[in-house]
Novice: 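Pasting a structure here, questions to come.
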Amino acid sequence: MQIVLALIIGALFGFVLDRIGATNPTVLIRMLSLRSLGLMKAILLAIGVGSILMFGGQMVGLVDVGHMSVKTAYVGVFVGGLLLGAGWALSGFCPGTGVCAAATGRKDALFFILGGLLGAAAYMITYPSVKATGMLDAIAGGKVTLGSVPGAKYDGLMAMPGDVLGIVLGLIFVAVAFAVPEAPGGDAVPAPAE
């Protein structure tokens with residue numbers, strides 16, 4: 001049943017990504033170049049609402065903190081993030097939107113996915129060399145969060161409780177989503193791909 005539910009949620013998520021224009025490289029590149037911020041507004045709103053619901057749910061006992069997974073912090077994560085961002089800016093796809101775009105029939109998305117798989121294979125082959133550089137050594141104590149969450153096994157970097165901090169940050173994301181203009185400088189906003 002979990003697999004069926006995951007497939008249904010994934011299909012609905014992909015449908016929403018397509019409807020808001022996230023499978024169109026032109027829309028993504030216009031967002032990354034800060035010319036059309038409609039997609040950015042949608043992303044900020046989704047992160048903000050999700051954060052408020054998740055951390056609020058933790059506070060009232062609806063969300064089990066035991067299901068939280070915090071990845072170890074190391075320099076390689078930041079280097080990988082920069083590489084991901086550069087690839088996103090060059091191709092107009094991130095991993096999720098690339099798969100969704102391929103599902104809509106975009107051939108360029110298939111090449112993007114192939115490139116991602118080749119990149120993953122190259123990383124696997126060079127992993128021992130990358131590990132030897134020290135980029136995969138834990139920093140800041142390894143598995144840490146900004147604020148500690150009651151019942152979680154991760155240390156917090158700040159004195160504010162993590163669930164309160166999560167709600168505050170979620171509210172900030174929602175506020176920014178509403179405050180950011182759709183098209184800075186009056187640029188026309190392109191319609192999502194059909």
Side-chain angles (χ1 to χ4, degrees), residues 1-54 57 63 67-71 76-127 130 166 169-170 172-194:
M1 185 59 188
Q2 286 182 335
I3 292 175
V4 172
L5 185 59
L7 289 171
I8 291 169
I9 291 171
L12 289 172
F13 182 66
F15 174 77
V16 170
L17 283 179
D18 187 53
R19 295 312 311 155
I20 65 173
T23 58
N24 183 339
T26 303
V27 173
L28 285 164
I29 290 171
R30 288 182 59 81
M31 177 192 72
L32 293 173
S33 63
L34 303 177
R35 291 182 287 156
S36 177
L37 304 180
L39 182 57
M40 181 185 297
K41 290 167 69 78
I43 292 169
L44 289 170
L45 186 62
I47 292 171
V49 170
S51 181
I52 293 166
L53 291 175
M54 184 181 80
V63 176
H67 294 293
M68 282 182 55
S69 175
V70 175
K71 304 302 178 209
V77 168
F78 301 104
V79 173
L82 291 172
L83 290 171
L84 174 72
W88 191 1
L90 289 172
S91 68
F93 295 117
C94 72
T97 62
V99 172
C100 290
T104 67
R106 289 191 66 103
K107 290 182 179 60
D108 53 348
L110 295 174
F111 287 103
F112 170 79
I113 292 169
L114 179 62
L117 292 173
L118 289 174
Y123 178 71
M124 287 177 13
I125 292 168
T126 61
Y127 179 80
V130 172
L169 289 173
I172 291 170
F173 273 53
V174 170
V176 171
F178 282 105
V180 168
E182 182 91 14
D187 284 351
V189 180
E194 291 295 326

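Since this is a predicted model, take the numbers as computed values, not measurements. We're numbering straight along the sequence, starting at 1. Values below: all heavy atoms of this structure, side chains included; hydrogens, waters and symmetry mates excluded.
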Novice: With side chain to side chain contact (heavy atoms under 4.5 Å, CB included) as the criterion, how do C100 and T23 come out once you've worked through the C-alpha distance, each side chain's angles and the decisive distance to 0.1 Å?
Specialist: CA-CA 6 Å; C100 290; T23 58; 3.5 Å; yes
Novice: Looking at K41 and E182, would you say the former's side chain and the latter's main chain have a donor-acceptor pair under 3.5 Å?
Specialist: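 No, the answer is negative, given that no donor and acceptor are paired below the 3.5 Å cut-off.
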Novice: So which heavy atom on A89 is nearest to which on L32, and how close?
Specialist: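 Residues A89 and L32, closest heavy atoms: CA-CD1, 3.7 Å.
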Novice: Can you name the closest pair of heavy atoms from L37 and P181 and give their distance?
Specialist: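 Where L37 meets P181 most closely, the heavy atoms are CB-O, 3.5 Å.
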Novice: Please lay out, stage by stage, how S33 and R35 fare under the test side-chain hydrogen bond (donor to acceptor under 3.5 Å, both in side chains).
Specialist: CA-CA 6 Å; S33 63; R35 291 182 287 156; 2.8 Å; yes
Novice: From I47 CD1 over to I172 CD1, what is the distance, rounded to the nearest 0.5 angstrom?
Specialist: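 Interatomic distance, I47 CD1 to I172 CD1, rounded to 0.5 Å: 13.5 Å.
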Novice: So, does S51 use its side chain to make a donor-acceptor pair with the main chain of G48 at under 3.5 Å?
Specialist: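 Here the side-chain-to-backbone pair does not exist.
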Novice: Which heavy atom in I20 sits nearest to a heavy atom in A42, and how many Å separate them?
Specialist: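 Closest approach of I20 to A42, heavy atoms only: CD1-CB, 4.1 Å.
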Novice: Can you find a heavy atom in the side chain of L44 that is under 4.5 Å from one in the side chain of F178?
Specialist: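 L44 vs F178: side chains apart.
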Novice: Give every donor-acceptor pair under 3.5 Å between a side-chain atom in residues 109-123 and any protein atom, sequence neighbours left out.
Specialist:
none

Novice: Going from CG on L7 to CG on L12, what distance comes out if it is rounded to the nearest 0.5 angstrom?
Specialist: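 Atom-to-atom, L7:CG and L12:CG are 11.0 Å apart.
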Novice: Please report, to 0.1 Å, the donor-acceptor pairs under 3.5 Å made by any side chain of residues 91-99, with sequence neighbours excluded.
Specialist:
from : atom 1 : to  : atom 2 : distance (Å)
S91  : OG     : G87 : O      : 2.8
S91  : OG     : F93 : N      : 3.1
S91  : OG     : F93 : O      : 3.2
T97  : OG1    : C94 : N      : 2.9
T97  : OG1    : C94 : O      : 3.2

Novice: Calculate, to the nearest 0.5 Å, the distance between atoms CD1 and CG belonging to I52 and L169 respectively.
Specialist: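 I52 CD1 to L169 CG: 10.0 Å, rounded to 0.5 Å.
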Novice: Given the rule in the side chain to side chain contact (heavy atoms under 4.5 Å, CB included) test, do L34 and M40 qualify, once you have shown the distances and angles that lead to the verdict?
Specialist: CA-CA 9 Å; L34 303 177; M40 181 185 297; 3.7 Å; yes
